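Counting starts at 1 for both ligands and their atoms, in listed order. Keep in mind the model is a prediction, meaning the values are calculated, not measured. Values reported hereafter were calculated over all heavy atoms of this structure, with side chains retained and with hydrogens, waters and symmetry mates removed.
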Amino acid sequence: MKDLRHFTSTLCALMNVQKPTLSVSDIFDNLITSDAIPKTKALIFAPDAFGFHALEHFPELHQRLQEMSTHEVKLTAVVPPVTPVCFGSLFTGATPAQHGIDTYKKPILKCDTVFDALIRAGKKVAIVAVKNSSVDTIFRERSLDYFSMDYDPLVTVKALELLEKNTHDVVVVYHQEYDDLLHDTGPFSEMAHWALDRHVKTYDLLIRKVKNVWKENYVIAFTPDHGGHADPKTGLGDHGVDCAEDMDLRHFYVLN
Ligand SMILES: [Zn+2]
């Protein structure tokens with residue numbers, strides 16, 4: 001089974017960019033056709049903790065994601081399935097031991113990342129994320145544009161604005177409401193369900209904007225970092241354990 005690391009190698013293959021130093025080589029083969037023209041632009045939407053367990057529980061959301069996307073891939077998170085460890089692997093193509101974030105900590109990554117690889121290839125990159133989140137902090141000190149926003153809706157507004165202005169080749173958009181609400185109210189509470197629904201609606205908004213502005217030759221990816229499970233004692237959500245609920249993921253792509 002492939003895992004989060006294979007996102008980096010696959011994105012680099014799709015964009016014909018040399019992958020970062022520590023990246024795994026294997027790719028999600030079903031996304032690559034031998035005659036494909038390299039994609040020039042990418043939009044990466046990363047909703048925190050939106051794992052396969054949530055899609056199993058709310059099949060209507062799974063169906064909507066499938067309808068919006070051209071491809072779906074099965075993969076797992078990395079251990080331990082917590083946010084900085086997982087996004088570290090997603091955006092370096094490396095194991096936690098290799099990239100160095102192997103517990104819940106948020107240092108600036110010193111190793112080669114997909115962002116460094118994209119910048120070397122001449123791509124203009126933007127990361128739009130909730131202020132002080134892992135995605136906002138661990139990829140700092142690169143020649144890219146960072147936008148730290150107060151919360152998800154403002155992240156979306158900024159991302160739509162950047163897409164509309166067409167100022168960047170690669171835009172990362174990070175949301176965290178589902179992760180926040182699964183911890184506070186349980187993974188399948190009404191509030192948590194609304195958060196998942198908003199993440200799916202945001203993906204739809206971003207797809208429509210990309211189609212409108214970029215027209216063709218792009219990748220859109222929906223790349224959550226891990227899932228979550230209900231703590232049997234409290235009913236509240238948690239993650240960080242090597243179990244199916246926390247580890248199993250589906251990523252979605254729109255290739256055009
Ligand atoms: Zn997370």
Intermediate values then yes/no, side-chain hydrogen bond (donor to acceptor under 3.5 Å, both in side chains), Ser134 and Tyr174: CA-CA 9 Å; Ser134 299; Tyr174 166 80; over 6 Å; no
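Here Ser134 does not reach the Zn ion (ligand 1): none of its N/O/S atoms is less than 2.8 Å from the metal. Note on His226: counted as a metal contact of the Zn ion (ligand 1), an N/O/S atom lying under 2.8 Å.
Using a 4.0 Å cut-off between charged nitrogen and carboxylate oxygen, Glu67 and Arg64 do not count as a salt-bridge pair.
Looking only at distances, a side-chain donor or acceptor of Ser9 sits under 3.5 Å from a matching main-chain atom of His6.
Of all N, O or S atoms in Asp225, the one lying closest to the Zn ion (ligand 1) is OD2. Closest approach between the Zn ion (ligand 1) and any N/O/S atom of Asp48 involves OD1.
By the 30° and 60° cut-offs, the orientation of the rings of His168 relative to Phe147 is perpendicular.
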